[in-house]
Amino acid sequence: MSFPLLTATAVLPAIGAVATAAVPAAQRTAAKWLALLVSLATLALAITVLVRFDPNGGRYQLTESHAWIADFGVRYELGVDGIGVALVALTALLIPFIILAGWHDADPLETGSRRWRPTQGFFALILAVEAMVIISFEATDVFLFYIFFEAMLIPMYFLIGGFGDRAHEHGEEAASTQRSYAAVKFLLYNLVGGLIMLAAVIGLYVVAGNFSLQEIAQARANGSLHMATSTERWLFLGFFFAFAVKAPLWPLHTWLPNAMQESTAPVAVLITAVVDKVGTFAMLRFCLQLFPEASKWATPVILVLALVSIVYGALLAVGQRDIKRLVAYASISHFGFIIMGIFAMTSQGQSGATLYMVNHGISTAAWMLLAGFLISRRGSRLIADYGGVQKVAPVLAGTFLIGTLATLSLPGLAPFVSEFLVLVGTFTRYPAIGIIGTFGIVLAALYALVLYQRTMTGPVKPEVSAMPDLRVRELLVVAPLIVLLIFLGVYPKPVTDIVNPAVKSTLSDVHKTDPKPEVEAVAK
């Protein structure tokens, strides 16, 4: 039997989480290094998966299948297509940077504090989330996917509620209350979505008799499995609702600003650059593949909701006074672009959406982590408390500018390519939606450049006059992300070559082809 590479990629961080949590309390530094080494080993496995994946091979590769709960048709089935393998690589890539960026975020607070921050637990929870996210991208059994789709909420709840940002203007007691509120809100929103999905998962089993994604999709394609129109639509809505909460899509987005505001910067990156991608990925893998007709039926409404997310998120980002909430609303706008690309049902739109998932993960990680470094120096999240930072910390300001420009999709940086593909793919089928969606780009330039102008330029405020520039550890976090933003902005082909075959398969699932361009005949 061949080596179970996909299982190893998910199990290694799970074992690392247990080992990190078991490190003696006095050995905090050892726990950090152990977590970092495990994340790097996981990255090595993910790169191996990426190298062994053949874009021109079968749809699902490196597959594993074992009996699990035979009486209920549940199997332990894993496999990756081009979309899944790209997101596994993204997850494994970001976790080492998240761990390095949060190196001191869970250290014990000063003597006399009412709270103790268990360092080992912080890094163990990050590794646990990584394991659950990776197996979610690999699972081809619907029930197996559902288990880890829900299980990742538990470590995320403790990361948000137990390890919040120390920069709070109202003191420790108020900060603890708001962290608890944000964590509970995150949990309740996602649990409600998960419970509705559970009902749909059970309904799918009643109709199909098993949970295998590939078997159900094949049976639907060859006509051996027929769903009544109303049944398919209800099942689709059950799945889509859970994924829309996780994504997050307006109006199910309200948990995200609270969660990102109260989290440490690395945990905020874990939420929006890693965990939330499971929602958009699942729309492609499960909604479109299992319920093609219902997906087409719901497309007009979903496109409108995505459009609202784009414009609404960007408008609220413009008016924010808190740096982290601004990044959160910007992410809501970006996820609107991703969902719009998915349901445009064109190869350009879906390729752009998948590429956007990767590029958004890298750009948001860079921008949010740099914002976290800035906040940790000043001790405030309020934009008004900054000014003139570029004169005292030019490297921090310069890298923050690149992250800002990537967020507004400047040509030459990675997000531009994906956003362009999404808009082109949407416009070819839904011109009005595509045109209105471009306003999101204008608003992105407004909130991103205003944030940079208010924090980095102008007179140096006394509170930031002694602000240190980026340290070596922080440069090790930021520099590779900046390089990737530039490289993928200039040469996105390595990613598009991997995802395009999977996108074509997804379009064939919903029986869609790209619209033919309407070209008027030229009189000779």
Ser39 vs Glu130, side chain to side chain donor-acceptor pair (under 3.5 Å): CA-CA, chis, key distance, verdict = CA-CA 9 Å; Ser39 69; Glu130 179 182 21; 5.9 Å; no
query = Under the side-chain contact (heavy atoms from CB on, under 4.5 Å) criterion, do Tyr146 and Leu198 qualify, and how do the steps go?
reply = CA-CA 8 Å; Tyr146 172 78; Leu198 177 60; 3.3 Å; yes
ask   = Would you say Phe186 has more than 12 foreign heavy atoms packed within less than 6.0 Å of its CZ?
value = yes
ask   = Centres of the Tyr312 and His253 rings: under 6.0 Å?
value = yes
remark   = Value for CD (Gln320) from CD (Gln261), rounded to nearest 0.5 Å, stands at 8.5 Å
inquiry  = Tyr447 vs Ser333, test: side chain to side chain donor-acceptor pair (under 3.5 Å). Steps then yes/no.
reply    = CA-CA 12 Å; Tyr447 65 67; Ser333 181; 4.9 Å; no
message = Rounded to the nearest 0.5 Å, what separates atom NZ in Lys324 from atom CD1 in Ile383?
response = 13.5 Å
key: Heavy-atom side-chain proximity of Leu449 to Leu405 below 4.5 angstrom   = yes
Minimal non-hydrogen separation, Ala128 against Ala17, with atom names = N-CB, 3.8 Å
Parallel, tilted or perpendicular: ring planes of Phe281 versus Phe286, cut at 30 and 60 degrees = perpendicular
key: Stepwise ring-ring contact (aromatic ring centres under 6.0 Å, His included) test for Phe149 and Phe243   = CA-CA 10 Å; Phe149 180 81; Phe243 303 152; 5.6 Å; yes
ask   = Can you name the nearest heavy-atom pair linking Ala273 to Gly361, along with the distance?
value = CB-O, 3.6 Å
key: Separation of Ile135 CD1 from Thr9 OG1 (nearest 0.5 Å)   = 10.0 Å
query = Between Ile126 and Ile99, which heavy-atom pair has the shortest distance, and what is it?
reply = CG2-CG1, 4.2 Å
query = Less than 4.5 Å apart, any side-chain heavy atom of Met152 and any of Val278?
reply = yes
remark   = For Val129 and Met156 the tightest heavy-atom approach is CG2-SD, 3.7 Å
message = Do Val318 and Val450 have side chains that approach each other closer than 4.5 Å (heavy atoms only, starting at C-beta)?
response = no
key: Nearest-0.5 Å distance, CG of residue Leu159 to OG1 of residue Thr264   = 7.5 Å
inquiry  = Return the OG1 to CD1 distance between Thr354 and Ile342, rounded to the nearest 0.5 Å.
reply    = 7.0 Å
ask   = In Å and rounded to the nearest 0.5 Å, what is the OG1 to CG distance from Thr42 to Leu93?
value = 12.5 Å
task = Verify side-chain contact (heavy atoms from CB on, under 4.5 Å) between Met197 and Lys246, making sure each step is shown before the conclusion.
result = CA-CA 12 Å; Met197 181 183 170; Lys246 186 86 77 180; over 6 Å; no
key: Arg378 atom CZ, neighbour heavy-atom count above 12 within 6.0 Å   = yes
message = Is the shortest side-chain heavy-atom distance between Asn258 and Arg325 below 4.5 Å?
response = yes
key: side-chain contact (heavy atoms from CB on, under 4.5 Å) between Ile83 and Phe137, intermediate numbers included   = CA-CA 9 Å; Ile83 300 168; Phe137 290 141; over 6 Å; no
note = All heavy atoms of Met283 vs all of Ala247, minimum pair found to be CE-CB, 4.1 Å
inquiry  = Tell me if a side-chain donor or acceptor on Ser309 pairs with a main-chain N or O of Leu249 at a distance below 3.5 Å.
reply    = no
task = Please report the shortest heavy-atom distance between Ala101 and Pro266, naming the atom on each side.
result = C-CG, 3.9 Å
ask   = Do Ile160 and Arg179 have side chains that get closer than 4.5 Å, going by heavy atoms?
value = no
query = Do other residues, nucleotides or ligands put more than 12 heavy atoms under 6.0 Å from the CH2 atom of Trp33?
reply = no
message = One thing to verify: whether Glu262 and Lys185 come together as a salt bridge, which I'm taking to mean a side-chain N less than 4.0 angstrom from a carboxylate O.
response = no
query = With distance as the sole test, does Tyr386 use its side chain to make a donor-acceptor pair with the main-chain N or O of Ser380 at under 3.5 Å?
reply = yes
request  = Show your working on salt bridge (charged side-chain N to carboxylate O under 4.0 Å, His left out) between Arg381 and Asp322 and close with a plain yes or no.
outcome  = CA-CA 5 Å; Arg381 300 191 303 251; Asp322 184 296; 2.9 Å; yes
task = Run the numbers on Phe123 and Leu34 for side-chain contact (heavy atoms from CB on, under 4.5 Å), then give the verdict.
result = CA-CA 9 Å; Phe123 293 101; Leu34 176 60; over 6 Å; no
Flag side-chain contact, heavy atom, 4.5 Å: Leu36 against Pro96 = yes
message = A side-chain contact here means heavy atoms from C-beta on lying under 4.5 Å apart; do Thr404 and Leu451 qualify?
response = no
ask   = So does Lys461 pair up with Glu463, basic N to acidic O under 4.0 Å?
value = no
key: Within-4.5 Å side-chain heavy-atom neighbours: Trp367 and Phe400   = yes
ask   = Is Trp250 reaching over with its side chain to a backbone N or O of Gly336, donor-acceptor style, under 3.5 angstrom?
value = no
key: Between Thr280 and Tyr356, a side-chain donor and acceptor under 3.5 Å   = no
task = Would you kindly say whether Thr272 and Ser331 are connected by a side-chain donor-acceptor distance under 3.5 Å?
result = yes
inquiry  = Checking Gln120 against Thr20: is there a side-chain donor and acceptor pair closer than 3.5 Å?
reply    = no
ask   = For Ala384, does its backbone N or O pair with a side-chain atom of Arg321 as donor and acceptor, under 3.5 Å?
value = no
Other residues, nucleotides, ligands: >12 heavy atoms within 6.0 Å of Tyr60 OH = yes
task = Kindly say whether the aromatic ring centers of Phe335 and His360 come within a distance under 6.0 Å.
result = yes
task = Examine distances only and state if a side-chain atom of Asp81 and a backbone atom of Ala502 form a donor-acceptor pair shorter than 3.5 Å.
result = no
inquiry  = Atom CZ of residue position Arg52 - does it have more than 12 heavy atoms of other residues, nucleotides or ligands inside 6.0 Å?
reply    = no
ask   = For residues Ser212 and Glu77, is any side-chain donor paired with an opposing acceptor at under 3.5 Å?
value = yes
